[in-house]
Visitor: 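One structure, as structure tokens, below. Some questions next.
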Amino acid sequence: MSVQPETETGTAAVAAETPEEGAYSFAAMEAKWPQVWEDLKVFTPVDDGSRERRYVLDMFPYPSGDLHMGHAEAFAMGDVVARYLRQKGFDVLHPIGWDSFGLPAENAAIKRNAHPSEWTYANIDTQAASFKRYAISADWSRRVHTSDPEYYRWTQWLFKRFYERGLAYRKDSPVNWCPKDQTVLANEQVVNGACERCGTPVTKKSLNQWYFKITEYADRLLDDMDELRGHWPERVLAMQKNWIGRSEGAHVNFVIEAEGGKPAKDVTVFTTRPDTLYGATFFVVAADAPIAVELVTEEHAAGLDAYREQVKALTEIERQSTEREKTGVFTGRYAVNPLNGEKLPVWAADYVLADYGTGAIMAVPAHDQRDLDFATTFDLPVRAVLDTGEEDPTVSGKATSGEGTLINSGILDGLPKAEAIPAAIGILEEQGTGEKFVNFRLRDWLLSRQRFWGTPIPIIHCPSCGEVPVPDEQLPVRLPADLRGEDLSPKGTSPLAAAEAWVNVDCPNCHGPAKRDTDTMDTFVDSSWYFLRFVSPQYTEGPFDPAKINEWMPVGQYVGGVEHAILHLLYARFFTKVIHDLGMIDADEPFSALLNQGQVLNGGKAMSKSLGNGVDLSEQLDKYGVDAVRLTMIFASPPEDDVDWADVSPSGSAKFLARAWRLAQDVTSEPGADVSAGDRALRSVTHRTIADAAALLDTNKFNVVVAKLMELVNATRKTIDAAAGAGGADPAVREAAETVAVILSLFAPYTAEDMWNVLGHPASVANAGWPVHDEALLVQETVTAVVQVQGKVRDRVEVSPGIGEDELRELALASENVQRALDGRGIRTVIVRAPKLVNIVPA
RNA sequence: GCCCCAGUAGCCCAAUUGGCAGAGGCAGCGGACUUAAAAUCCGCGUGUUGCGAGUUCGAGUCUCGCCUGGGGCACCA
């Protein structure tokens, strides 16, 4: 489907059919060059240390059908970087692989009564062929699929290392449950209370699940972002920071007094406002936490039960609504404020979250809006302890949270808020009832999935030995091959449980009958270390070759969509840090630089089936050619901005490519012709372009590089067509055309290769090397200096670039236009910025 | 509610980081070539740099406050 109405005739010049002799034909080039590149192994790194190494990585694709427009953009960007660094003389590792475990394969298998691997590997083949057509400069010999046993063997091996370090553990806990997909979801996969995948409202369910203890790395994941600043997009760092959610405050211990036959109990709360302890007027525990049941007196137990049922019936969407009225029940218990001994009623409510902080809070209604809403609903007392100058919360209904001075707070009275916080913590620490504490929003990573098409968890459950890891030499624990179709449909437990022959094994420890763990790992586990596997994908003694890993890691430039700003990147960072701590790699951050390419939109909206605004990549490639599509992606906007396919012109790109290609046709000088006598003006443009392009590529301004290249093509055309001069025989024209070919090879590999061939050079232009610019040719003979009076341009003078400040000042003051503008006024100051500008300020 | 990013010509976007607002492209208009058209080649750019203040000799660029759009987090104590 064509998005933009293109007339048939409008594309005639690039049409694939029956090209005229000597005409630009993308189809002919696409047929000719891939085999040449493959034979020359152009994109396989030499990996022998003779050249400095650089690792350029695109986020590997999930094999859902064929490549789409989004892939076309992302991989065009990554390929520019890889091809540029290769031209610059680096040994570039630019691998490709597939994130090939995942739910869609399973759904397809159920639908077609097949094994998920059939759909998966068929799609991989399709995508691989498309990538080759798209001419990404990947080293195909390093191809990796996460669903290959040779790969997931090492995912399991790494899981075991995490397990041994106490970083992988099981616990019973309420988990996010998607009733439709019949599977557990990580917090990250719950979007606005609904399943990220199918949109079904998520409910809670208690299950025994595997977790990675990512919270143990919260501090480092946060602190080490400092070394990424400036090389990662600011918004990604901001998102990760928010997600980790570090907040400083205190743990405060409250004693819940014995009551109604229940014994006294210590309960700790987390607060960021220990300065407001005197303002606590009640105490709240999360209604759905075990502590609520433990505390409630017999008298109030029935009330709590009913309330808990009511809470459980709510979906996450309902529960998270901030407009909802506060609800809760009294537990019959009282907590003692450690600072003033006051007795506070203990309530259970659902506005306190069981899995944040300690699941219990001290409520300070005067200075916290949620507490105030609750106090208003249940007619609980409100006591201001901070004079902020704002209106009394009991009157305004608005809790005050600004700066101010402590009141009604015993010995803290009179202190400003900033001093009262440490003072309160000091008192608590002194009396042993609390301490400074840093709390994180980040939770442990729930990695179990009740799914088939994933990496099996390499644990055996033995009735006598408990959890027993599968010995390393027995890895991989392979997925059973005999489950297919309906066997895989969701039943609330993992489909693997149905494979009895697979499940029932001998305990590696006591050799008694035991059962395999039937969960598989979240596919984010697979993608948390694939970049390490690419370094030595055939290595059989470990996940990667220790002799190679530090030569390539960290990844110098990672390219991918912002949709992975939190999950994948945080997990990959976590894995890298753990593997670093295992002493296996030097790097403790995986990706030194990150580039988030924008999305490809159509008509201002993301392409989607429901909107019917999808653009088919292969149709675009058929119509305009690979190079034109790639160039359009690059030229449309800065890499990180969205590209609206309705706003851009692939036919315009095709036109430019043909124009560039014709330059090579018009060159009549021989390769290696002495260029020193060539047209100086054109040479100047050529060398300026080389210098500018390098600077622009270093800062990822790929769209501007294309604009500069267009200027060079225009200048070259003009020189060829000029009535005076040597035209196509001028060696400066050859120099320009060769420069165009080399720079163009980053964006349009087919056209560039063909130009290079026409210019009489052997393949491949990808190895031509970045041209060296001649500084002498960048120096302009004269520059235009602007003369301003009071900031307004009044004159221009042609001066030598080396002109001195004094000389330029004299020239400017001598100008008639300046004198007229001054109109007899005296001069206060003259600002001279030689050789470009003079600004005269009248008195 | 909190945080991040963006806003320049009809459209996509440049602007050497504080120095002439315009590089490149799309669209449009005109010319050359052609019997004609296409292709090709050449030519044509005044606009509240979202708005308002401030700093400065000088602001698209820096500061503050708003507006609009996009994104992230959100009953997180």
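So that the names make sense, note that chain A is the first sequence line, chain B the second, and so on, each numbered from 1.
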Visitor: With rounding to whole Å, what would you report as the distance between B:A21 and B:C5 at their C1' atoms?
Guide: 24 Å
Visitor: I'd like to know if A:Asp226 and A:Arg229 make a salt bridge, using a cut-off of under 4.0 Å between side-chain N and carboxylate O.
Guide: yes
Visitor: Please state how far atom NE2 in A:His251 lies from atom P in B:A77, giving the value in whole angstrom units.
Guide: 12 Å
Visitor: Below 4.0 angstrom, N of the basic side chain to O of the carboxylate: do A:Arg443 and A:Asp355 qualify?
Guide: yes
Visitor: Between A:Lys605 and A:Asp644, does any side-chain N to carboxylate O distance fall below 4.0 Å?
Guide: no
Visitor: Hey, does the side chain of A:Arg688 come within less than 4.0 Å of B:U16's phosphate (OP1/OP2), counting only N and O?
Guide: no
Visitor: Side-chain N or O of A:Arg662 versus OP1/OP2 of B:C41: is the shortest distance under 4.0 Å?
Guide: yes
Visitor: Between P on B:C57 and CZ on A:Arg809, what's the gap in Å once rounded to a whole number?
Guide: 16 Å
Visitor: Checking all strands, does A:Asn714 fall into the base, sugar-phosphate, or nothing category for heavy-atom contacts under 4.0 angstrom?
Guide: sugar-phosphate
Visitor: Strictly below 4.0 Å: does A:Tyr356 bring a side-chain N or O up to OP1 or OP2 of B:A77?
Guide: yes
Visitor: Syn or anti for B:U17, taking syn as within 90° of 0?
Guide: syn
Visitor: Would you measure the distance from the P atom in B:G58 across to the matching atom in B:U68 and give it in whole Å?
Guide: 32 Å
Visitor: To the nearest Å, how far apart are A:Phe374 CZ and B:A77 P?
Guide: 18 Å
Visitor: Considering only the C1' atoms, how many Å lie between B:C41 and B:U34, rounded to the nearest integer?
Guide: 13 Å
Visitor: Using a cut-off of strictly less than 4.0 Å, decide whether A:Lys655 has a side-chain nitrogen or oxygen near OP1 or OP2 of B:C26.
Guide: yes
Visitor: What would the secondary structure line of RNA chain B be in dot-bracket form, counting Watson-Crick and G-U wobble pairs under 3.5 Å, with [ ] for pairs that cross earlier ones and | for pairs with another strand?
Guide: (((((((..((((.....[..).))).(((((.......))))).....(((((..]....))))))))))))....
Visitor: Rounding to an integer number of Å, can you tell me how far A:Gln240 CD sits from B:C73 P?
Guide: 12 Å
Visitor: Please tell me which of A:Val786 and A:Arg659 maps to the more 5' nucleotide of RNA chain B, matching each residue to the nucleotide holding its nearest heavy atom.
Guide: A:Val786
Visitor: With RNA chain B as reference, determine whether A:Val793 or A:Asn839 sits nearer its 5' end, using the nearest nucleotide of each.
Guide: A:Val793
Visitor: Taking the side chain as C-beta and beyond, is there a heavy-atom pair between A:Asn337 and A:Tyr278 under 4.5 Å?
Guide: no
Visitor: Where the side chain of A:Phe635 is defined as all heavy atoms beyond and including C-beta, which of B:U16, B:G24, B:A77 is the nearest nucleotide?
Guide: B:G24
Visitor: With P as the reference atom in both, quote the distance from B:C73 to B:C11 in angstrom, rounded to an integer.
Guide: 32 Å
Visitor: Rounding to the closest angstrom, what is the interatomic distance between B:G45 and B:A39 at atom C1'?
Guide: 26 Å
Visitor: Select one nucleotide: of B:C75, B:C13, B:A23, the one nearest the side-chain heavy atoms of A:Ala707.
Guide: B:A23
Visitor: Would you say A:Glu798's side chain and A:Thr782's backbone share a donor-acceptor pair under 3.5 angstrom?
Guide: no
Visitor: Give A:Gln788 one of three labels, base, sugar-phosphate or nothing, depending on what nucleic acid heavy atoms sit under 4.0 Å from its own.
Guide: base
Visitor: Please verify the inter-ring angle class for A:Trp445 with A:Tyr571; under 30° counts as parallel, over 60° as perpendicular, anything in between as tilted.
Guide: parallel
Visitor: Does B:A23 have OP1 or OP2 under 4.0 Å away from a side-chain N or O of A:Lys701?
Guide: no
Visitor: Under 30°, 30 to 60°, or over 60°: which ring-plane class applies to A:His251 and A:Phe437, parallel, tilted or perpendicular?
Guide: parallel
Visitor: Just the rounded figure in Å: distance from C1' of B:A39 to CZ of A:Phe656.
Guide: 18 Å
Visitor: Using a 4.0 Å heavy-atom cut-off across all strands, classify A:Ser247 as base, sugar-phosphate, or nothing.
Guide: sugar-phosphate
Visitor: Between the side-chain atoms of A:Lys836 and the base atoms of B:U16, is any donor-acceptor pair under 3.5 Å?
Guide: yes
Visitor: Choose from B:C75, B:G19, B:A77 the nucleotide whose nearest atom is closest to any side-chain atom of A:Tyr351.
Guide: B:C75
Visitor: Indicate, yes or no, whether a donor-acceptor pair under 3.5 Å links the base of B:C3 to the side chain of A:Lys241.
Guide: no
Visitor: Under 4.0 Å, counting only non-hydrogen atoms across every strand here, what does A:Thr829 touch: a base, just sugar-phosphate, or nothing?
Guide: nothing
Visitor: Out of A:Phe374, A:Phe378, A:Trp347, which one pairs with A:Phe282 under the ring-ring contact (aromatic ring centres under 6.0 Å, His included) rule?
Guide: A:Phe374
Visitor: Can you tell me the distance, in whole Å, between the CG atom of A:Leu778 and the C1' atom of B:U16?
Guide: 13 Å
Visitor: Nearest to the A:Asp647 side chain among B:C41, B:G25, B:C11, which nucleotide is it?
Guide: B:C11
Visitor: Rounding to an integer number of angstrom, what distance separates B:U61 and B:C75 when you compare their C1' atoms?
Guide: 41 Å
Visitor: Nearest whole angstrom, please: distance from the P of B:A39 to the CH2 of A:Trp661.
Guide: 18 Å
Visitor: Look at the side chain of A:Trp243 and decide which nucleotide, out of B:G43, B:C41, B:C73, has an atom nearest to it.
Guide: B:C73
Visitor: Taking only heavy atoms on the protein side, list every residue of residues 228-239 of chain A lying under 4.0 Å from any atom of RNA chain B, sorted numerically.
Guide: A:Arg235, A:Met239
Visitor: Salt bridge or not between A:Asp666 and A:Arg662? Use side-chain N to carboxylate O under 4.0 Å.
Guide: no
Visitor: Expressed as a whole number of Å, how far does the P atom of B:U55 sit from that of B:G1?
Guide: 32 Å
Visitor: With sequence neighbours excluded, give me every side-chain hydrogen bond (donor to acceptor under 3.5 Å, both in side chains) pair touching residues 690-699 of chain A.
Guide: A:Tyr84-A:Asp698
Visitor: Are the side chains of A:Leu631 and A:Val706 in touch, meaning some heavy atoms are under 4.5 Å apart?
Guide: yes
Visitor: Report yes if some heavy atom in the side chain of A:Val382 is under 4.5 Å from a heavy atom in the side chain of A:Leu372; otherwise report no.
Guide: yes
Visitor: If you measure from the C1' atom in B:A6 to the same atom in B:U49, how many Å do you get, rounded?
Guide: 14 Å
Visitor: Give a yes/no answer on whether the side chain of A:Asn703 brings an N or O atom under 4.0 Å of OP1 or OP2 in B:A14.
Guide: yes
Visitor: Take atom CG of A:Asn596 and atom P of B:C4, then tell me their distance rounded to the nearest Å.
Guide: 17 Å
Visitor: Should the pair A:Arg833-A:Glu805 be classified as a salt bridge under the 4.0 Å nitrogen-to-oxygen rule?
Guide: no
